[in-house]
Protein chains: 4
Amino acid sequence: MTDKTKTRIAEASVGLFVRKGVAQTTTKDIAAAAGIAEGTIYRHFESKEALVEHLFLSNYLPLAKTLDGIQKRAATTMRKLETIVRYLYEAYDHDPTIFRFMLITEHGATAKIPDGIATPVSVMRKVIKEGIKTGAVRRIDPQIATHLALGLILQPATAHVYGEITGPLAPRANDVVDALSRVLSA
Amino acid sequence: MTDKTKTRIAEASVGLFVRKGVAQTTTKDIAAAAGIAEGTIYRHFESKEALVEHLFLSNYLPLAKTLDGIQKRAATTMRKLETIVRYLYEAYDHDPTIFRFMLITEHGATAKIPDGIATPVSVMRKVIKEGIKTGAVRRIDPQIATHLALGLILQPATAHVYGEITGPLAPRANDVVDALSRVLSA
Amino acid sequence: MTDKTKTRIAEASVGLFVRKGVAQTTTKDIAAAAGIAEGTIYRHFESKEALVEHLFLSNYLPLAKTLDGIQKRAATTMRKLETIVRYLYEAYDHDPTIFRFMLITEHGATAKIPDGIATPVSVMRKVIKEGIKTGAVRRIDPQIATHLALGLILQPATAHVYGEITGPLAPRANDVVDALSRVLSA
Amino acid sequence: MTDKTKTRIAEASVGLFVRKGVAQTTTKDIAAAAGIAEGTIYRHFESKEALVEHLFLSNYLPLAKTLDGIQKRAATTMRKLETIVRYLYEAYDHDPTIFRFMLITEHGATAKIPDGIATPVSVMRKVIKEGIKTGAVRRIDPQIATHLALGLILQPATAHVYGEITGPLAPRANDVVDALSRVLSA
DNA sequence: GATGAATGAGCGTTCATTCAT
DNA sequence: GATGAATGAACGCTCATTCAT
């Protein structure tokens, strides 16, 4: 059996962090939302900051693995990017909270991720670099290309978080994939 | 003569907000940086929150005016977008602080802007909508198109804030303008 | 067989109390040092305070018995005091921890000892009172005489606890015994 | 005008520290006793620990100066020690609190006093060392002699703190001075 | 207008103690 | 007996805000 209380704390706190912001969420809020005593948080996490970091890394880094697996199963660069976008937007629709949390969390505020560890961003960069090598992606600085692609994917999601785009995100994937193709294709 | 002290407070606080984050910046920090007493902040701003809002709106809304002026002087949709991007990236290079502040603060603060007030985002949307009408921009949902364009423009700036892209941003404008053209052109 | 766990707790905690102070030692520290669970402490002691009291009394009161036995076997008042000092200083050198604990804890904990129970202090007082009666000790208020004697004996030990005197204490016994003789002899 | 509030905090807290112990006195207690808000403590002292240290050092170190002045005005070693004892016991009777605080505070717990700074203990040691040099004090290790003398002086005061000796301390000075003379005289 | 000492609610965190297993 | 997760009151401390000067 997995650690029930730790999970309760984690699930309750992402929700609060997304709704109210990390700084505006108190340990008291978290305890109340998780139905536990405030002190119990500290049996499972060293500090509130450690809880935030755990939440971020335990979702952000596994997502890299998932995206890498998805990417490997697709044949071409454009199919790789397409399946990644579709996966992300469907996952967002299925449980927006954790994605909102990742979108909202200031990367700089969380502990630095050691070099060499795969992140969703590094997976994207790898796909694009390989695309350039194979000629599927036009000649362009891979770093700027990565961020242009990220912009196309993340900005609609961010807009959705703040209510500027409404309804499920998945149907928007077509437009995004199309845009990716236009920006990157050779 | 404009309110000297108010300006000192404003200038000192954006710097701190960008460097340390809004929540992590105390009124004591602000007073020290501005060379004034803590209480003096409250002669010029109702609260710390009001200071943040003032800082955001007094830069964000005038930027809309500026971008609208720029946009009006350009002949075609693509030239409009190009001059906007070049203006933004040069302004970022000239004084990154205020742009970083807007990038960091944007969400949450935008909620308070009444409908009908022009924002940089609404200027972008207007340009794109007009482009669709004139046929310069391909047929696409203007809302998603606006956010695709914003993603292309803002993500490289965000990446710069977090040190993933280094050096001046202005030379990157070419790649962004090119991408905008590919995504939007009919 | 005596209560093994209780002994483990007692031994582990004196060490911690001496090294870090009673207030700075947590029940968690004690459990870790004793190799038991935190809750187990409460099977053996009603509270942390009761543990401290037990530790103090279970060493302080038996010490009175020991000193009284020693005292009884010596012929003269001065020999009584001499053997007491030598015993104390040798015991301190052999296991400073428990003596340091008594030196540190003494005040406040002594309040709980019922009248009529022999303590090291009461043994000293008895020896001195008898000395006055037999004429071995000069005429002096027995209460002040007791504390003058205690001062001569305890202050070097206290100085050793705080590192102002180093090396074994036993060789210092000569000087202390000599001083006791000078202060008390008729 | 001196800092009224800081003085109020200092005076209120020594009283509490002596009555309840440092660890058992909370910042809330101090604020209530001083008639101020809890936060105000931190306008005058960096932390509770710093308050304790300030209290200790601002009384302990000046006492060294006072004792040194007293000592210089006396002609012989024994007169020096006599006036020191009389001064201490009269000061204790006049305001026992601060003396109790110094007696109770664990020296080791407060910040280390830098070498070369005069303390009451170092003044005592100096007087005794000079006494040995002039022949007024018998040949004896100055370090042990200092602590024997300290024991004679402090133990009656400590006994008074814990109620084992009652009434004013000053009349006891005669016995202590006599004892000092017996222990130290050549 | 400016000051800065004072405020006090509320923060993140600790830890002696309890109790179901 | 032993466990260790859970508790929650209480801690030291922070900081946006106020107000007498």
Side-chain angles (χ1 to χ4, degrees), chain A residues 3-6 8-9 23-32 34-51, chain B residues 3-6 8-9 22-32 34-52, chain C residues 3-6 8-9 22-32 34-52, chain D residues 3-6 8-9 23-32 34-51:
Chain A
D3 192 331
K4 211 91 172 279
T5 306
K6 186 167 187 172
R8 286 173 66 87
I9 295 169
Q24 282 67 44
T25 300
T26 67
T27 49
K28 191 173 197 147
D29 292 336
I30 295 168
I36 51 149
E38 228 176 319
T40 303
I41 297 169
Y42 293 87
R43 191 159 274 288
H44 298 279
F45 299 97
E46 286 224 328
S47 63
K48 184 186 160 187
E49 199 188 328
L51 166 59
Chain B
D3 192 330
K4 211 77 172 286
T5 307
K6 187 167 188 172
R8 287 172 66 89
I9 294 169
V22 171
Q24 281 67 45
T25 300
T26 66
T27 49
K28 187 176 189 172
D29 292 336
I30 296 169
I36 51 145
E38 235 178 312
T40 303
I41 296 168
Y42 292 85
R43 302 226 143 252
H44 299 278
F45 301 96
E46 287 226 326
S47 65
K48 184 186 163 186
E49 202 191 328
L51 165 60
V52 173
Chain C
D3 191 330
K4 212 73 171 288
T5 306
K6 187 165 188 174
R8 287 173 66 89
I9 294 169
V22 171
Q24 282 68 44
T25 300
T26 66
T27 48
K28 188 177 189 172
D29 292 336
I30 296 168
I36 51 147
E38 234 179 313
T40 303
I41 297 168
Y42 292 85
R43 302 227 142 249
H44 299 278
F45 300 96
E46 286 226 326
S47 65
K48 184 185 164 189
E49 202 190 328
L51 165 59
V52 173
Chain D
D3 192 329
K4 210 90 170 279
T5 306
K6 187 167 187 174
R8 287 173 65 87
I9 294 169
Q24 281 67 45
T25 300
T26 67
T27 50
K28 193 173 197 146
D29 291 336
I30 295 168
I36 50 148
E38 225 176 321
T40 302
I41 297 168
Y42 293 88
R43 192 158 274 288
H44 298 279
F45 300 97
E46 286 225 328
S47 63
K48 183 186 158 186
E49 200 188 326
L51 166 59

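Just so it is clear: chains get the letters A, B, ... in the order the sequence lines come, proteins before strands, and each one is counted from 1.
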In chain order, what residues pass the side-chain hydrogen bond (donor to acceptor under 3.5 Å, both in side chains) check against C/Ser47, with sequence neighbours excluded? none
The residue, D/Gly35 or C/Ser47, whose nearest nucleotide of DNA chain E is more 5′ is D/Gly35
Distance, nearest 0.5 Å, that separates CG of D/Asp29 from OG1 of D/Thr26: 3.0 Å
Can you tell me how far apart OG1 (A/Thr5) and NE2 (A/His44) are? Round to the nearest 0.5 Å. 4.5 Å
Of A/His44 and B/Glu49, whose closest DNA chain F nucleotide lies nearer the 5' terminus? A/His44
To the nearest angstrom, how far is [X] atom [atom1] from [N] atom [atom2]?
X: C/Phe45; N: F/dG1; atom1: CZ; atom2: C1'; value: 15 Å
X: A/Lys6; N: F/dG4; atom1: NZ; atom2: P; value: 17 Å
X: A/Ile41; N: E/dC15; atom1: CD1; atom2: C1'; value: 15 Å

Base, sugar-phosphate, or nothing: which does A/Ile36 touch, judged by heavy atoms less than 4.0 Å apart? sugar-phosphate
Which residues within residues 23-32 of chain D lie with some heavy atom under 4.0 Å of an atom in DNA chain E? none
N/O contacts under 3.5 Å, protein versus nucleotides 18-21 of chain F?
none

Any salt bridge (charged side-chain N to carboxylate O under 4.0 Å, His left out) involving residues 37-50 of chain C? Give me the pairs, sequence neighbours left out, ordered by first then second residue. C/Glu49-C/Lys112
How does DNA chain F look in dot-bracket notation if pairs are Watson-Crick or G-U with both distances under 3.5 Å, crossing ones as [ ], other-strand ones as |? .||||||||||||||||||||
For A/Phe45, side-chain contact (heavy atoms from CB on, under 4.5 Å) partners two or more places apart: A/Lys6, A/Ile9, A/Leu51, A/His54
Taking every non-hydrogen atom, the tightest pair across C/Ala37 and C/Ala31: C-CB, 3.8 Å
